[in-house]
Amino acid sequence: MLLVWQDDSVCHALEIYNTIVHFYVCIARSITQIFEIIDITKQKGIRLYAIKENFSNSEQSITSTVTSTIFALIAQIERELISIRTKEALQARKLVGIKLGRPKGKGKSKLDEYKSDILKLVELKVPKTIIAKQYKTSIPNLYNFLNGCT
């Protein structure tokens with residue numbers, strides 16, 4: 001049986017046998033989505049085991065609900081802290097003067113070192129498919145390389 005959750009921001013496909021074994025942090029992006037998944041699995045009679053949290057949704061008690069709420073909150077806070085740390089690290093690198101992101105311009109190609117050989121083969125009218133195979137690259141990549149050479 002394949003169970004799929006879909007909404008605006010979530011699309012998880014989980015292959016289910018008798019139980020699902022997963023981490024709360026990995027199965028959803030927010031507390032609401034975690035609760036939705038827990039609710040759906042309860043309705044379908046599927047036991048959801050969260051290994052990291054050492055928790056199962058098989059109990060139908062207030063303790064189980066409170067515990068799942070706490071774990072969902074912790075998962076969301078953990079994601080937010082990771083996001084904050086990442087943004088702070090990027091900002092620190094920016095302040096030091098390191099440019100972030102992909103360099104502007106064409107960049108380097110693995111074909112650069114073979115430029116003269118490739119241009120000779122093109123001049124000899126060797127098919128581009130053969131040239132691409134010889135230099136272990138894709139045909140579109142070869143065309144991009146040749147367009148940058150002219």
Side-chain angles (χ1 to χ4, degrees), residues 1-44 46-57 67-150:
M1 177 179 168
L2 190 63
L3 183 60
V4 179
W5 285 278
Q6 282 187 321
D7 64 32
D8 294 341
S9 60
V10 178
C11 180
H12 293 285
L14 303 170
E15 193 169 338
I16 298 167
Y17 298 99
N18 294 327
T19 60
I20 298 174
V21 181
H22 227 297
F23 304 110
Y24 278 146
V25 178
C26 300
I27 62 173
R29 305 291 294 157
S30 70
I31 292 174
T32 309
Q33 292 170 348
I34 290 173
F35 288 143
E36 181 182 329
I37 291 169
I38 290 170
D39 188 46
I40 290 170
T41 56
K42 278 184 182 178
Q43 288 174 10
K44 303 259 184 197
I46 300 165
R47 288 188 181 166
L48 177 66
Y49 291 101
I51 295 171
K52 184 177 178 186
E53 292 88 359
N54 193 20
F55 176 77
S56 171
N57 71 340
T67 305
S68 65
T69 303
I70 291 169
F71 287 141
L73 179 62
I74 290 169
Q76 183 166 344
I77 290 169
E78 187 175 336
R79 271 190 302 280
E80 288 173 8
L81 288 173
I82 290 169
S83 174
I84 290 168
R85 283 194 307 266
T86 302
K87 288 174 185 173
E88 286 174 352
L90 290 171
Q91 186 64 29
R93 291 185 68 121
K94 227 181 207 183
L95 289 174
V96 172
I98 298 172
K99 289 190 177 186
L100 303 177
R102 185 176 175 186
K104 291 185 179 176
K106 183 178 167 272
K108 295 180 182 175
S109 171
K110 67 180 183 178
L111 300 175
D112 285 341
E113 62 184 282
Y114 309 111
K115 182 177 180 177
S116 61
D117 297 337
I118 292 172
L119 292 175
K120 285 179 188 172
L121 291 171
V122 170
E123 193 177 302
L124 294 171
K125 302 203 187 279
V126 175
K128 306 230 178 10
T129 53
I130 292 173
I131 297 171
K133 281 182 185 178
Q134 182 176 345
Y135 292 98
K136 295 181 175 102
T137 190
S138 66
I139 296 168
N141 188 48
L142 178 64
Y143 274 100
N144 287 337
F145 175 76
L146 291 172
N147 286 337
C149 290
T150 56

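For the residue pair Lys110 and Lys136, the shortest heavy atom distance occurs at NZ-O, 2.6 Å. Summarising the geometry of Ile139 relative to Thr129, their closest heavy-atom pair is CD1-CG2, 3.3 Å, with the distance given to 0.1 Å. Counting all heavy atoms, side chain and backbone alike, Lys128 lies closest to Leu142 at O-CD2, 3.3 Å. Here the closest heavy-atom approach between residue Leu111 and residue Phe145 is recorded as O-CZ, 3.5 Å.
Under the rule for a side-chain contact (heavy atoms from CB on, under 4.5 Å), the partners of Leu100 that lie at least two apart in sequence or sit in another chain are Leu90, Arg93, Lys94. Contacts of Lys133 classified as side-chain contact (heavy atoms from CB on, under 4.5 Å), with partners at least two apart in sequence or in another chain: none. When the side-chain contact (heavy atoms from CB on, under 4.5 Å) test is applied to Ser116, no partner is found at least two apart in sequence or on another chain. Partners of Glu80 by side-chain hydrogen bond (donor to acceptor under 3.5 Å, both in side chains), not counting sequence neighbours, listed by chain and number: Gln76. Legend: residues meeting side-chain hydrogen bond (donor to acceptor under 3.5 Å, both in side chains) with Asn141, ordered by chain and number and at least two apart, are Thr137. Judged as a side-chain contact (heavy atoms from CB on, under 4.5 Å), and not counting sequence neighbours, the contacts of Leu81 are Ile77, Arg85. Residues satisfying the ring-ring contact (aromatic ring centres under 6.0 Å, His included) test with Tyr114, not counting sequence neighbours, are Tyr135.
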- Message: Apply side chain to side chain contact (heavy atoms under 4.5 Å, CB included) to residues Val126 and Gln134 and explain how you reach the verdict.
- Response: CA-CA 11 Å; Val126 175; Gln134 182 176 345; 6.0 Å; no
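At least one donor-acceptor pair under 3.5 Å links the side chain of Asp112 to the backbone N or O of Ser109. No side-chain donor-acceptor contact under 3.5 Å links Ser83 to the backbone of Arg79.
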